[in-house]
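Quick note: numbers below take in every heavy atom, side chains included, and nothing from hydrogens, waters or symmetry partners. Every chain is numbered from 1, with letters handed out A, B, ... down the list of sequences.
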There are 2 protein chains.
Amino acid sequence: MSATMKDVARLAGVSTSTVSRVLANHPAISEETAVRVRDAMQKLKYQPNQIARSLSNRATHTIALIMPDPASYPLMNPFFVNAIRGVTTFARKHGYYLLLTYPENHDELTIIKDLVGSRRIDGIILTSVKKDDAIMTYLEEYEHPYVVIGHPYEDQKTLWVDNDNYGIVYKITKRLIEQGHRKIAFLGGADDYRVTTDRRQGYLDALRDHNIPIDEKIIYREWFSESIAAEITRKILDYCMPDAVIATDDTLALGVERTLSEQHHAHDVAVIGFNNTQVAQYVRPSLSSVEINAELLGFYAAKLLITRLQGKPQHTNHLLIEAEFIERESSRVSRKA
Amino acid sequence: MSATMKDVARLAGVSTSTVSRVLANHPAISEETAVRVRDAMQKLKYQPNQIARSLSNRATHTIALIMPDPASYPLMNPFFVNAIRGVTTFARKHGYYLLLTYPENHDELTIIKDLVGSRRIDGIILTSVKKDDAIMTYLEEYEHPYVVIGHPYEDQKTLWVDNDNYGIVYKITKRLIEQGHRKIAFLGGADDYRVTTDRRQGYLDALRDHNIPIDEKIIYREWFSESIAAEITRKILDYCMPDAVIATDDTLALGVERTLSEQHHAHDVAVIGFNNTQVAQYVRPSLSSVEINAELLGFYAAKLLITRLQGKPQHTNHLLIEAEFIERESSRVSRKA
DNA sequence: GCCGGTTCTGCAACCGCTTGCAGATCTAAT
DNA sequence: ATTAGATCTGCAAGCGGTTGCAGAACCGGC
């Protein structure tokens with residue numbers, strides 16, 4: 001098989017300790033020995049065995065990214081590709097590898113316990129914040145380093161990155177109101193996700209601040225598919241004629257648009273999606289959406305985590321990533337105020 | 001920290017060898033000792049340290065998935081999410097974790113060498129086949145297990161999964177011809193990718209078999225973006241009026257459609273994309289595309305690799321995954337034959 | 001020539017688990 | 001009672017690195 005430290009040591013005529021120290025750039029090694037050792041390494045094409053190293057070091061230089069189970073959470077694929085990209089970019093630059101997984105049948109906690117207990121990884125990136133999250137509690141208890149993409153309920157010491165979900169929806173809602181819209185429907189995700197409640201709160205507060213009555217009949221709170229969104233839109237239309245619909249994912253927004261088109265209301269109702277997926281610019285009317293900059297979320301999540309792993313001082317435990325409202329045709333609906 | 005084998009051994013009043021054997025379900029352990037040991041494990045919440053295990057075993061139960069650098073290869077994002085999903089599904093079911101990475105600046109071979117040399121992983125999944133691929137040569141030389149998504153030039157012993165790229169394009173081209181199309185343009189990828197040459201060959205052979213002259217002026221062979229595809233389409237239109245365009249990615253096809261729409265030819269030219277991305281069904285005219293079943297490609301890639309890693313017999317070294325042509329509006333163009 | 005202080009290197013233990021081999025214990029046959 | 005064989009368990013070496021500590025070699029100063 002391939003060369004080990006012992007081989008290098010033998011060839012260079014030193015002990016393995018010395019080889020190890022050369023590798024670590026230990027100052028107490030004379031330049032000549034270092035050169036001799038490095039020569040030997042070259043000759044043998046030596047590469048240190050990371051596993052052995054990890055065992056000794058208690059560090060694997062690997063971080064895990066836990067995605068939601070795609071089966072139960074089919075939305076937001078583009079979000080994850082981009083987040084992965086951001087994480088990888090930062091991680092690789094600092095010598096870390098990325099272990100990617102998702103629950104799939106097993107409950108998420110089981111996976112986490114396995115990952116943590118087996119000592120395979122140094123830290124974890126979680127991609128959602130749930131109410132009473134057992135995983136966060138577990139990681140907290142075992143003091144296992146982690147960072148979460150999302151806004152934790154207890155956000156004092158946890159590392160996290162997130163968009164200002166409350167703020168962006170507040171702003172969008174306000175804007176819609178100022179443009180003369182009154183009946184604004186809201187299709188959000190499940191209530192136990194913080195991202196959902198934050199966004200809905202932004203929506204609710206904007207209505208309240210502008211003295212618009214809140215109508216629970218046009219507020220939906222589940223994760224669903226394009227077709228269920230279409231279905232719900234039909235219900236909404238049966239109930240009343242909305243001025244605008246905010247959907248927290250482009251896929252849902254597409255479902256909304258579909259029903260609106262079918263009922264010839266495509267240009268009467270403002271529709272706004274989230275995540276600025278590729279489709280948004282190609283549908284007609286093109287879909288206004290919110291770019292959440294998933295790549296940056298991933299990048300900074302990795303940054304917080306790895307900085308922590310390296311024991312470097314951290315000036316902050318969280319970062320807010322700018323989300324940008326991208327206006328397209330779907331929300332440019334004339335409305336006489 | 002957390003319990004080790006030694007702790008379990010002490011509590012159960014046995015040696016670590018025994019604990020280890022219990023863990024491995026070694027037959028030479030009496031039921032009573034086994035029970036006593038398992039009790040101790042329970043009490044201590046023992047979880048074996050995978051790193052130590054790997055060191056001893058020379059197996060990490062981790063496989064790497066190498067994606068192309070997204071920066072230089074921005075297309076096909078959905079392909080990768082789906083492939084990842086398939087790989088993960090199979091891998092997790094068999095106790096393997098997924099290490100995900102891509103070159104990013106570094107050349108790919110460097111990463112591979114690091115990954116292989118550092119002994120972090122048991123096997124590798126590559127996601128493209130290039131001509132004279134240094135990586136495959138390297139892996140071959142070091143006899144490191146790998147599987148490739150794509151069709152290797154030397155396909156006798158290499159493990160691989162792929163669509164029948166030649167066949168599907170041949171079929172599509174033939175079909176276009178039978179519908180009366182004659183001038184069929186082809187926008188493919190870079191020539192050193194096997195997927196490109198396979199597809200183009202299918203296209204060329206279909207033309208040849210139907211005695212349609214081949215016009216190099218409407219054959220393009222680079223990876224490019226939506227906007228460059230639009231640009232190229234302009235060139236093509238300047239040169240002649242094509243009957244149909246086959247683009248080996250939906251993003252390119254969208255660029256084609258854009259130019260066609262701008263020049264009011266959207267309904268005169270049949271356009272066919274690849275990868276059946278979400279956009280395909282939402283654009284107007286909706287885009288005919290080829291569903292390559294990336295999830296299955298990933299799933300079976302993992303399967304071939306892991307079966308190999310487990311040393312189980314393998315009846316075949318490759319699998320062909322069905323690709324399905326999905327006809328939508330963009331290719332339903334009336335043409336008087 | 002002796003001594004204290006540097007500078008450099010090696011010994012050996014350790015990280016936590018696996019496994020070949022030998023030895024202990026027990027059973028049953030002679 | 002003796003012994004061969006079967007059954008179970010432990011010893012100790014090994015996987016490939018790291019690191020505290022001790023000691024060797026060398027330095028200049030007195």
Results of salt bridge (Lys or Arg N to Asp or Glu O under 4.0 Å) for A:Asp7 - residues two or more places apart only: A:Arg10

Qualifying residues under salt bridge (Lys or Arg N to Asp or Glu O under 4.0 Å), relative to A:Arg194, sequence neighbours excluded: A:Asp198

Any donor-acceptor pair under 3.5 Å linking the side-chain atoms of [Y] with those of [X]?
{"X": "B:Asn57", "Y": "B:Ser54", "result": "no"}
{"X": "B:Arg120", "Y": "A:Thr60", "result": "no"}
{"X": "A:Thr33", "Y": "A:Ser30", "result": "yes"}

Let me see the working for B:Met5 and B:Asn49 under side chain to side chain contact (heavy atoms under 4.5 Å, CB included), right down to the final yes or no. CA-CA 9 Å; B:Met5 211 163 225; B:Asn49 180 322; over 6 Å; no

Any chance you could lay out the side chain to side chain contact (heavy atoms under 4.5 Å, CB included) test for B:Ile66 and B:Leu115, step after step, and finish with the verdict? CA-CA 10 Å; B:Ile66 316 291; B:Leu115 230 31; 3.8 Å; yes

Candidate pair B:Thr137 and B:Asp132, rule side chain to side chain contact (heavy atoms under 4.5 Å, CB included), full reasoning: CA-CA 8 Å; B:Thr137 313; B:Asp132 307 318; over 6 Å; no

N/O donor-acceptor pairs under 3.5 Å from side chains in residues 88-101 of chain A, not counting sequence neighbours:
unit_1  : atom_1 : unit_2   : atom_2 : d
A:Thr88 : OG1    : A:Ile84  : O      : 2.7
A:Thr89 : OG1    : A:Arg85  : O      : 2.8
A:Thr89 : OG1    : B:Tyr102 : OH     : 3.2
A:Arg92 : NH1    : A:Tyr96  : O      : 3.1
A:Tyr97 : OH     : B:Asp114 : OD2    : 2.6

Carefully, step by step, assess A:His144 and A:Ile121 under the rule side chain to side chain contact (heavy atoms under 4.5 Å, CB included). CA-CA 10 Å; A:His144 197 276; A:Ile121 49 161; 4.2 Å; yes

For nucleotides 12-16 of chain C, print each protein N/O atom paired with a nucleotide N/O atom at under 3.5 Å, atom names and distance only.
unit_1 : atom_1 : unit_2  : atom_2 : d
C:dC15 : O3'    : A:Arg58 : NH2    : 2.9
C:dG16 : OP1    : A:Arg58 : NH2    : 3.0
C:dG16 : N2     : B:Ala52 : O      : 3.4

With sequence neighbours excluded, tell me which residues meet side chain to side chain contact (heavy atoms under 4.5 Å, CB included) with A:Leu319. A:Val161, A:Tyr300, A:Leu304, A:Thr316

Set of side chain to side chain contact (heavy atoms under 4.5 Å, CB included) partners for A:Pro48, sequence neighbours left out: A:Leu23, A:Tyr46, A:Arg53

Can you establish whether the number of heavy atoms outside B:Glu154 located under 6.0 Å from its atom CD is more than 12? yes

Span of DNA chain D in contact with chain B (heavy atoms, under 4.0 Å): D:dC8 to D:dG16

So the ring pair (Phe, Tyr, Trp, His ring centres under 6.0 Å) pairs with at least one residue in residues 9-36 of chain A (sequence neighbours excluded) are none

Got a sec? Which of residues 30-42 of chain A come in under 4.0 Å of DNA chain C, heavy atoms? A:Ser30, A:Thr33

Going by number, which of residues 19-29 of chain A have a non-hydrogen atom under 4.0 Å from DNA chain C? A:Arg21, A:Ala28, A:Ile29

What bend angle does the helix from C:dG1-D:dC30 to C:dT30-D:dA1 show across its length, from five-pair end axes and to the nearest 10 degrees? 70°

Go through the structure and list residues passing ring pair (Phe, Tyr, Trp, His ring centres under 6.0 Å) with B:Tyr153, not counting sequence neighbours. none

